[in-house]
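Everything on this sheet refers to the single structure shown next.
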Amino acid sequence: MEGYFLGGRSFGWILIGFSLFATNISTAQFMSTSALAQKVGLAAINNDLIGALMLALSAVFFIPLYIRIQLCTMTEFLERRYGRGAKLIYSLTFLLTSILTMPPGIYLGGLAMLGLFGLPNDYLTVACLIVGGSVGLYAVLGGLTAVVKTDLIQASLMIVGGLIVTALAVSRVGGLGALYEAAPRLHFELLQPAGSLMPWTALPGVVIASAFFAFCNAGMLQRVLGARDVRHAQLGMLFAAFLKLLSIPLFAIAGMAAIQIFPEAGGDKTYALLVGELLPVGLSGIVMAGLFSALLSSADSGVNAISSVVAYDIHPLINRKASTEDRLRFGKKTAAAIVIF
């Protein structure tokens, strides 16, 4: 099953880094984080900056342990460290959470597709079926290798498209100097006062949530467990941490420039306004494809993680005598059923 769920433990650090970044970035972040940046400035990306730090800490302290003991899933570590009960609680909780969070993701993908092709909302159901079917097809049939290689393309689209939008938005404002002069001084402070939309008092909670994703989240770390060796696993996580620093231009600077260009707009739709107003037809298509890719890259990792948790952790509890092939088939069928649901 390692060939399907871990890519035969053959991933290099570049693939791991791009895949982690793609999994961590969603379409909602382009919309909501840039909208938050319009109100609080650079503090809107505190989550990403802390997340980058947690990825680096995980690469140094946790990943070497996970790779050396040849883990197949993160839940396996919980069983070795705390017992079967901890593994079962985590597995069932992860499965339930995935079932609840996948439908909104597919819905956002349907909306992105309508925007990409300029279609009315009457086609939303069809668009959602196409998105869910596409993700389910390559994630279920191709396993982690298909997910990771697809993430490389999707992450590249996200980065290139997002940087183009930011560059054009800053140019419209008059440059970084003009943006600095026009924005409130507080927008260039990472530590915001208590009572603001991103207060410094919230940072301890952000650290806890980011630590969970970086240290032990099954969906995030599955591709790291498929690394060739400890060095590639560590370099991949450090590369992903570096890529997360791109949230400064992708989200924060874009949002701060957007509010100067569209002072009466605001909200989650402002980023879409930037794409529609600043970009010619060809470039806007690339950016919309990047936003669409952001959704797919988050959803495909969830599908693969579901199938791995079911095959390795849940099915053995149902049938202890099941063969490796039976567990693999059961994991695939469960993931496909959840996508269809």
Side-chain angles (χ1 to χ4, degrees), residues 1-11 15-16 19-20 23 62-63 65-103 105-106 132-151 215-229 233 297-341:
M1 291 197 295
E2 287 190 1
Y4 180 82
F5 292 117
L6 295 172
R9 300 190 191 270
S10 61
F11 299 140
L15 275 178
I16 293 172
S19 185
L20 281 172
T23 301
F62 290 91
I63 297 306
L65 171 64
Y66 297 157
I67 300 299
R68 284 169 185 155
I69 62 178
Q70 294 286 291
L71 289 182
C72 293
T73 64
M74 287 308 304
T75 51
E76 184 182 352
F77 176 77
L78 291 177
E79 182 178 27
R80 295 188 188 188
R81 182 66 179 83
Y82 301 107
R84 182 174 295 179
K87 180 182 78 168
L88 182 60
I89 291 173
Y90 184 99
S91 300
L92 294 177
T93 303
F94 178 80
L95 188 62
L96 178 61
T97 303
S98 300
I99 293 173
L100 294 176
T101 57
M102 193 175 293
I106 293 176
S134 301
V135 172
L137 189 64
Y138 73 79
V140 172
L141 295 181
L144 189 61
T145 299
V147 170
V148 169
K149 290 184 177 180
T150 306
D151 283 346
F215 298 168
C216 57
N217 180 266
M220 283 287 292
L221 295 183
Q222 192 67 21
R223 69 262 302 118
V224 182
L225 299 181
R228 296 174 189 169
D229 50 37
S297 61
S298 299
D300 60 19
S301 299
V303 173
N304 182 264
I306 288 171
S307 58
S308 64
V309 167
V310 169
Y312 278 106
D313 305 320
I314 295 179
H315 189 256
L317 299 177
I318 301 173
N319 184 2
R320 295 183 179 181
K321 298 181 180 180
S323 65
T324 300
E325 291 75 15
D326 290 336
R327 291 161 60 189
L328 178 58
R329 281 195 295 269
F330 188 79
K332 287 183 177 181
K333 290 179 180 179
T334 303
I338 290 176
V339 172
I340 294 170
F341 169 78

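Worth knowing before you read on, the calculation uses all heavy atoms, side chains too, and leaves out hydrogens, waters and symmetry mates.
The salt bridge (Lys or Arg N to Asp or Glu O under 4.0 Å) test applied to D229 returns no partner, not counting sequence neighbours. Considering only residues two or more places apart in sequence or on other chains, T97 meets the side-chain contact (heavy atoms from CB on, under 4.5 Å) condition with T93, T101. Residues forming a ring pair (Phe, Tyr, Trp, His ring centres under 6.0 Å) with F330 (at least two apart in sequence, or on another chain): H315. Scanning for salt bridge (Lys or Arg N to Asp or Glu O under 4.0 Å) contacts around R9 gives E2, with sequence neighbours left out. T73 pairs by the side-chain hydrogen bond (donor to acceptor under 3.5 Å, both in side chains) definition with T75, not counting sequence neighbours.
Summarising the geometry of G132 relative to V339, their closest heavy-atom pair is O-CG1, 3.4 Å, with the distance given to 0.1 Å. Heavy-atom minimum distance, R327 versus A311: NE-O, 3.2 Å. Taking both residues in full, the closest heavy atoms of Y90 and C216 are given as OH-O, 3.0 Å, listed atom of the first, atom of the second, then distance. Annotation for A233 and I67: closest pair CB-CG1, 3.9 Å, computed over non-hydrogen atoms.
Looking at Q70, its side chain never comes within 3.5 Å of a backbone N or O of L225 through a donor-acceptor pair. Counting only distance, with no hydrogens or angles, the side chain of Y66 and the backbone of L221 share no donor-acceptor pair below 3.5 Å.
R223 has its side chain within reach of L20: a pair of non-hydrogen atoms, C-beta onward, lies under 4.5 Å apart. Residues L92 and I314 meet the side-chain proximity criterion, which asks for heavy atoms closer than 4.5 Å.
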Item to complete: List the steps and the verdict of side-chain contact (heavy atoms from CB on, under 4.5 Å) for V148 and I16.
Response: CA-CA 7 Å; V148 169; I16 293 172; 6.0 Å; no
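To the nearest 0.5 Å, the span separating NZ on K149 from CZ on F11 amounts to 8.0 Å. M74 CE to F215 CZ: the interatomic distance, rounded to the nearest 0.5 Å, is 11.0 Å. Between the CG atom of L95 and the CD1 atom of I306 there is a distance of 6.0 Å, given to the nearest 0.5 Å. Atom CG in L328 sits 9.5 Å away from atom OG in S323 (nearest 0.5 Å).
The side-chain hydrogen bond (donor to acceptor under 3.5 Å, both in side chains) contacts involving residues 328-341 comprise D326-R329, where partners must be two or more places apart or lie in separate chains.
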Please list every donor-acceptor pair under 3.5 Å in which a side-chain atom of residues 77-85 meets a protein atom from a residue at least two apart or in another chain.
| unit_1 | atom_1 | unit_2 | atom_2 | d |
| --- | --- | --- | --- | --- |
| E79 | OE1 | K87 | NZ | 3.2 |
| R80 | NH1 | I69 | O | 3.3 |
| R80 | NH2 | I69 | O | 3.4 |
| R80 | NH2 | E76 | OE2 | 2.7 |

